[in-house]
Amino acid sequence: MGIFHHALIAAVGCAALLGACSAPGAAQPELTGRACAFGSAPVFAGARNVGPPSPEAVKIVERITQGVGIRPNFKIFAADIVPNTVAFATIRDGQRYIVYDRASLDWSKGRTKWSDVVVLAHEIGHHLASHLFVSEYAEHDQELEADRFAGFALARLGASQKQATSWYGDWPETPTHPSGARRRKVVEAGWMAGQHLKRLEAEPCTPGWAGSVIDVVGATCRIARSCNSGTPQTRLACEGAGGVWRWMQGSRAE
């Protein structure tokens, strides 16, 4: 399949997993269990002073998810995290969390840097790809997949390719993370996929199929382009009884 088709399937597949956006409450989460970190592997005992996030961070997460057509159910927190861990994604008691290091991502001046957006998009990518549920998935592959989503999301937000890769340095490979050079290449690939989708959306809307037939939990499905709303929409349709194709919303047919 082409890079565009993969991006669409990823977006549709994630949509069924997510609920409404949820603002962080007063209670602090107990940060234990599996996590995917942007820096080194986190030691949760080192996450101190966990508290409410900056309003700018919440807005950025909302913009990232809106840009790829989903609604998040992430709770976002700021904390003082162990050195070399900028942010991490985790799940506790069924709730999805994104925790960022308040010293590394400083929103106090009211200005948002693209490099900070990359970090949050990367952690969202871990949640959307369900990395926190799959322990046998190689860590390097998980990081690269989250990086690719970050590139795709930043293209949707209007970032340049240079801005999308602005966080990634010449880092050496570690047991948990690929080298900075490998990660930049994957971010660039995700950014190109996002740019391709933006160009397609700018074209006059023509309804029809996009990509080949795929199998979704035993059902025959295809990605389709709809123009009924006045704006192009890319959605998943599956074949039902009598050969009737129906739009899929979450796990229910419309």
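If you're wondering where the values come from, they're calculated on a predicted model, not measured in any experiment.
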Please name the pair of heavy atoms, one in Pro53 and one in Val58, separated by the smallest distance, quoted to 0.1 Å.
-> CG-CG2, 3.6 Å
When every non-hydrogen atom of Leu132 is compared with those of Ala89, the smallest separation belongs to CD2-O, 3.4 Å
Side-chain heavy atoms of Val244 within contact of Glu239, under 4.5 Å | no
Would you say Ile70 and Leu128 make side-chain contact, with heavy atoms under 4.5 Å?
-> yes
side-chain contact (heavy atoms from CB on, under 4.5 Å) with Ala164: which residues, sequence neighbours excluded?
-> Leu154, Val187, Trp191
More than 12 heavy atoms of other residues, nucleotides or ligands under 6.0 Å from CZ of Arg63: is that the case?
-> no
By salt bridge (charged side-chain N to carboxylate O under 4.0 Å, His left out), which residues pair with Asp215, not counting sequence neighbours?
-> none
Kindly determine whether Leu236 and Ile214 satisfy side chain to side chain contact (heavy atoms under 4.5 Å, CB included), including the steps that lead there.
-> CA-CA 10 Å; Leu236 182 68; Ile214 56 176; 4.2 Å; yes
Just by distance, with hydrogens left out, do Glu145 and His126 show a side-chain donor and acceptor under 3.5 Å apart?
-> no
Given the side-chain rings of His127 and Phe74, with only the six-membered ring counted for Trp, is the space between their centroids under 6.0 Å?
-> yes
For Trp245, what are the other residues in its hydrophobic cluster, where any two members join if their side-chain heavy atoms are less than 4.5 angstrom apart?
-> Trp209
Set of side-chain contact (heavy atoms from CB on, under 4.5 Å) partners for Glu173, sequence neighbours left out | His140, Ser179, Arg182
Minimum heavy-atom distance between Ala146 and His131, given as atom pair plus value | N-CE1, 4.2 Å
Under 3.5 Å, is there a donor-acceptor pair between the side chain of Gln95 and the main chain of Asn73?
-> yes
The complete set of salt bridge (charged side-chain N to carboxylate O under 4.0 Å, His left out) pairs with one or both residues in residues 184-197, sequence neighbours excluded, reads Asp170-Arg184
For Met192, does its backbone N or O pair with a side-chain atom of Gln195 as donor and acceptor, under 3.5 Å?
-> no
On a heavy-atom basis, the closest approach of Val99 and Ala79 is CG1-CB, 3.8 Å
Calculate, to the nearest 0.5 Å, the distance between atoms CD and CD1 belonging to Glu123 and Ile76 respectively.
-> 11.5 Å
Is there a side-chain contact between His177 and Glu139 (heavy atoms, below 4.5 Å)?
-> no
Does the side chain of Phe149 come within less than 4.5 Å of Ile64's, by heavy atoms?
-> yes
Residues passing the salt bridge (charged side-chain N to carboxylate O under 4.0 Å, His left out) test with Arg156, sequence neighbours excluded, are Glu201
Considering residues at least two apart in sequence or located in another chain, which fulfil the salt bridge (charged side-chain N to carboxylate O under 4.0 Å, His left out) criterion with Arg102?
-> Asp80
Residue list, side-chain hydrogen bond (donor to acceptor under 3.5 Å, both in side chains) with Ser166, at least two apart or on another chain = none
Do the side chain of Thr85 and the main chain of Ala87 share a donor and acceptor less than 3.5 angstrom apart?
-> no
Rounded to the nearest 0.5 Å, how far does CG of Asn49 lie from CD1 of Ile81?
-> 11.0 Å
side-chain contact (heavy atoms from CB on, under 4.5 Å) filter on Val186, not counting sequence neighbours, yields Leu144, Asp147, Arg148
Taking all non-hydrogen atoms of both residues into account, name the closest pair between Tyr100 and Ala57 and its distance.
-> CE2-CB, 3.8 Å
Partner set under side-chain contact (heavy atoms from CB on, under 4.5 Å) for Ser104, not counting sequence neighbours = Val86, Asp101
For the residue pair Trp167 and Trp171, does the interplanar ring angle fall in the parallel (under 30°), tilted (30 to 60°) or perpendicular (over 60°) class?
-> perpendicular
Which is it for Val61 and Ile124 under the side chain to side chain contact (heavy atoms under 4.5 Å, CB included) test, yes or no, and what are the steps along the way?
-> CA-CA 8 Å; Val61 169; Ile124 290 172; 4.0 Å; yes
For residues 81-90, which residue pairs qualify under salt bridge (charged side-chain N to carboxylate O under 4.0 Å, His left out), counting only residues two or more places apart or in two chains?
-> none
Do Ile98 and Phe77 touch side chain to side chain, with heavy atoms closer than 4.5 Å?
-> no
Side chains of His122 and Arg183 in contact at under 4.5 Å (non-hydrogen atoms) = yes
